[in-house]
Trainee: 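Here it is, the structure, as structure tokens.
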Amino acid sequence: METYLWITSVWGVYLALAVFIIGMGWRIYEWATTPKSAVRLGMFPKPATKTGRFFKMLKDTFIAPHSAKIEPAMWVFAFAFHVAALGAFVGHGRLIAEFPILPELLGHDGMNAFAAMSGSIAGVLMLVGVLFWIGRRTFGPYKSLSVPEDYLLLFLLFGVIVMGDHMRFVYGDIIHADTYRAWFQSLLTFKPMFPEKLLSGNVGWSLGTHMLFTDLFLIYFPFSKLVHTIGSFSSNRVRSE
Ligand code: HEM
């Protein structure tokens, strides 16, 4: 298992982060240097003031009212997924450093209990969202519009989330953020190591597989349609001009 962990959770992470950072840098450079379209791509209806257009841009990016009108069920699942993903993203911050203030207020055990509850809710909501998307592309009318890339991305996301949930629900009572943090900080300081707790028992398989899917997901991200996470800002900005 230790070799599996070194491949997926040390070298794989370095490779994935390098590809992700260089790939996204290249994407942003491409967007920044593409000549402006001669055709106006403005909003409709267009708010009269710059402030109005700015807030419409934020609303279009974060609430996506047009999607809600076209496919309400999809909008509900997608919105829940994105809020949960944001929560999980913030929660993963504990792998870098413990949150300020909260642990003092809740105490060590209280903080872990809070993380367990919020992580479980986020993990389940994300899983439900991805299962909905897989179902929508597999059974509904969208099947004929789906290409292999759609399934590949959903499969990778599914793998990341199921294995994250596996750690959360199966090992959540025995292994807490401080153990994972020792490993993750060792990566950040380029002195990789695994605490004994991650090497004994089976949690290493779970972490290794969470990281395997995460590595593949990060490597693929800059080349996939998921760059919309960042691209939606630039396209909505162009529309707001
Ligand atoms: C470098 C990247 C990542 C690392 C180091 C990482 C590490 C971890 C760890 C250690 C846990 C277990 C937390 C615990 O039980 O205390 C976890 C849980 C989880 N991870 Fe990740 N993960 C990464 C990326 C991702 C990504 C990209 C996603 C989703 C798109 C994701 C989704 C989840 C979910 C849903 C859980 C369970 C809920 C939770 O504890 O927040 N992870 N991750």
Side-chain angles (χ1 to χ4, degrees), residues 5-21 24 78 80-99 102-103 108-131 133-134 152-189 192-195 197-199 201-222 224 226-230:
L5 271 177
W6 275 88
I7 295 171
T8 58
S9 313
V10 176
W11 304 119
V13 177
Y14 286 142
L15 176 72
L17 285 179
V19 174
F20 180 79
I21 291 166
M24 288 314 293
F81 176 91
H82 283 94
V83 172
L86 181 66
F89 180 75
V90 173
H92 278 65
R94 283 187 86 205
L95 299 178
I96 300 175
E98 181 55 291
F99 291 158
L102 266 185
H108 184 259
D109 291 346
M111 182 64 214
N112 283 336
F114 174 71
M117 193 186 62
S118 45
S120 304
I121 295 173
V124 169
L125 282 179
M126 288 175 80
L127 188 62
V128 170
V130 169
L131 285 174
W133 282 328
I134 293 174
L152 174 64
L153 276 171
L154 289 174
F155 169 72
L156 290 179
L157 260 183
F158 180 75
V160 174
I161 296 165
V162 164
M163 293 319 295
D165 283 352
H166 191 260
M167 272 189 287
R168 171 59 70 202
F169 288 108
V170 177
Y171 302 102
D173 285 341
I174 3 173
I175 303 195
H176 299 291
D178 43 0
T179 307
Y180 294 117
R181 190 183 308 128
W183 150 69
F184 199 64
Q185 279 185 346
S186 80
L187 287 187
L188 297 179
T189 49
M193 64 89 189
F194 292 97
K197 249 189 167 176
L198 293 181
L199 296 175
N202 284 327
V203 64
W205 292 111
S206 189
L207 174 67
T209 313
H210 185 58
M211 294 321 295
L212 174 66
F213 279 112
T214 302
D215 297 344
L216 295 173
F217 180 74
L218 287 178
I219 288 171
Y220 189 36
F221 192 99
S224 76
L226 285 182
V227 284
H228 80 273
T229 335
I230 291 156

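Scope of the values below: all heavy atoms of this structure, side chains included, with no hydrogens, waters or symmetry mates. Counting convention: from 1, in listed order, for ligands and their atoms alike.
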Trainee: Find all atoms of ligand 1 within a distance of less than 4.0 Å from any non-hydrogen atom belonging to M211, and give their numbers and elements.
Mentor: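 Heavy-atom distances to M211 below 4.0 Å select 1 (C), 2 (C), 3 (C), 4 (C), 5 (C), 6 (C).
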
Trainee: Which residue and non-hydrogen atom of the protein lie closest to atom 32 (C) of ligand 1, and at what distance in Å?
Mentor: H210 CE1, 3.7 Å

Trainee: In the protein, what heavy atom is nearest to atom 7 (C) of ligand 1, and what distance, to one decimal place, separates them?
Mentor: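 Looking only at protein heavy atoms, the one closest to atom 7 (C) of ligand 1 is L95 CD1, 3.5 Å.
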
Trainee: Do side-chain atoms of S224 reach the backbone of F221 as a donor and acceptor pair under 3.5 angstrom?
Mentor: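 Yes; judged by distance alone, with no hydrogens or angles, the pair exists.
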
Trainee: Starting from atom 34 (C) of ligand 1, locate the nearest protein heavy atom and write down its residue, its atom name and how far away it is, to 0.1 Å.
Mentor: G164 CA, 4.1 Å

Trainee: For atom 14 (C) of ligand 1, tell me which residue out of M167, R168, H166 has the closest non-hydrogen atom.
Mentor: R168

Trainee: Is the side chain of Y180 donor-acceptor paired with the backbone N or O of L198 at a distance under 3.5 Å, no angle test?
Mentor: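 Such a contact is absent between Y180 side chain and L198 backbone.
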
Trainee: Within the 4.0 Å heavy-atom shell around M126, which atoms of ligand 1 are there?
Mentor: 29 (C), 30 (C), 35 (C)

Trainee: I'd like to check I161 versus D165 (side-chain heavy atoms, cut-off strictly below 4.5 Å). Are they in contact?
Mentor: yes

Trainee: Check ligand 1 against L157 and write out every atom of the ligand that is under 4.0 Å from a heavy-atom position of the residue.
Mentor: 30 (C)

Trainee: Rounded to the nearest 0.5 Å, how far does CZ of R181 lie from CD of E98?
Mentor: 5.0 Å

Trainee: Considering the heavy atoms of W183, write down every atom of ligand 1 situated less than 4.0 Å from one of them.
Mentor: 5 (C)

Trainee: Report yes if some heavy atom in the side chain of V10 is under 4.5 Å from a heavy atom in the side chain of F194; otherwise report no.
Mentor: yes

Trainee: Using atom types as modelled and distance alone, determine if a side-chain donor or acceptor of Q185 lies under 3.5 Å from a backbone N or O of I96.
Mentor: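 Yes, Q185 side chain to I96 backbone: donor-acceptor pair under 3.5 Å.
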
Trainee: For T214, counting its heavy atoms only, list the atoms of ligand 1 lying under 4.0 Å from any of them.
Mentor: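 Reading through ligand 1 atom by atom, the close ones are 2 (C), 24 (C).
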
Trainee: Please check this pair: side chain of W183 against backbone of P192, looking for a donor-acceptor N/O pair closer than 3.5 Å.
Mentor: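 Not at all, since once roles are kept as given, no pair shorter than 3.5 Å links the two residues.
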
Trainee: Out of L127, V160, D165, D215, whose heavy atom sits nearest atom 31 (C) of ligand 1?
Mentor: V160

Trainee: Just wondering, more than 12 heavy atoms not from F155 lying within 6.0 Å of its CZ?
Mentor: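 Check fails, neighbour count at 12 or below.
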
Trainee: What protein heavy atom is closest to atom 38 (C) of ligand 1, reported as residue, atom name and distance in Å?
Mentor: G119 O, 3.3 Å

Trainee: I need the atoms of ligand 1 closer than 4.0 Å to a non-hydrogen atom of F184, numbered in the order shown.
Mentor: 5 (C)

Trainee: Side-chain contact test, heavy atoms from C-beta onward, threshold under 4.5 Å: evaluate it for V162 versus H210 and give yes or no.
Mentor: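 SC-SC contact between V162 and H210 ruled out.
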
Trainee: In H92, which N, O or S atom comes closest to atom 21 (Fe) of ligand 1?
Mentor: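 Relative to atom 21 (Fe) of ligand 1, the closest nitrogen, oxygen or sulfur of H92 carries the name NE2.
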
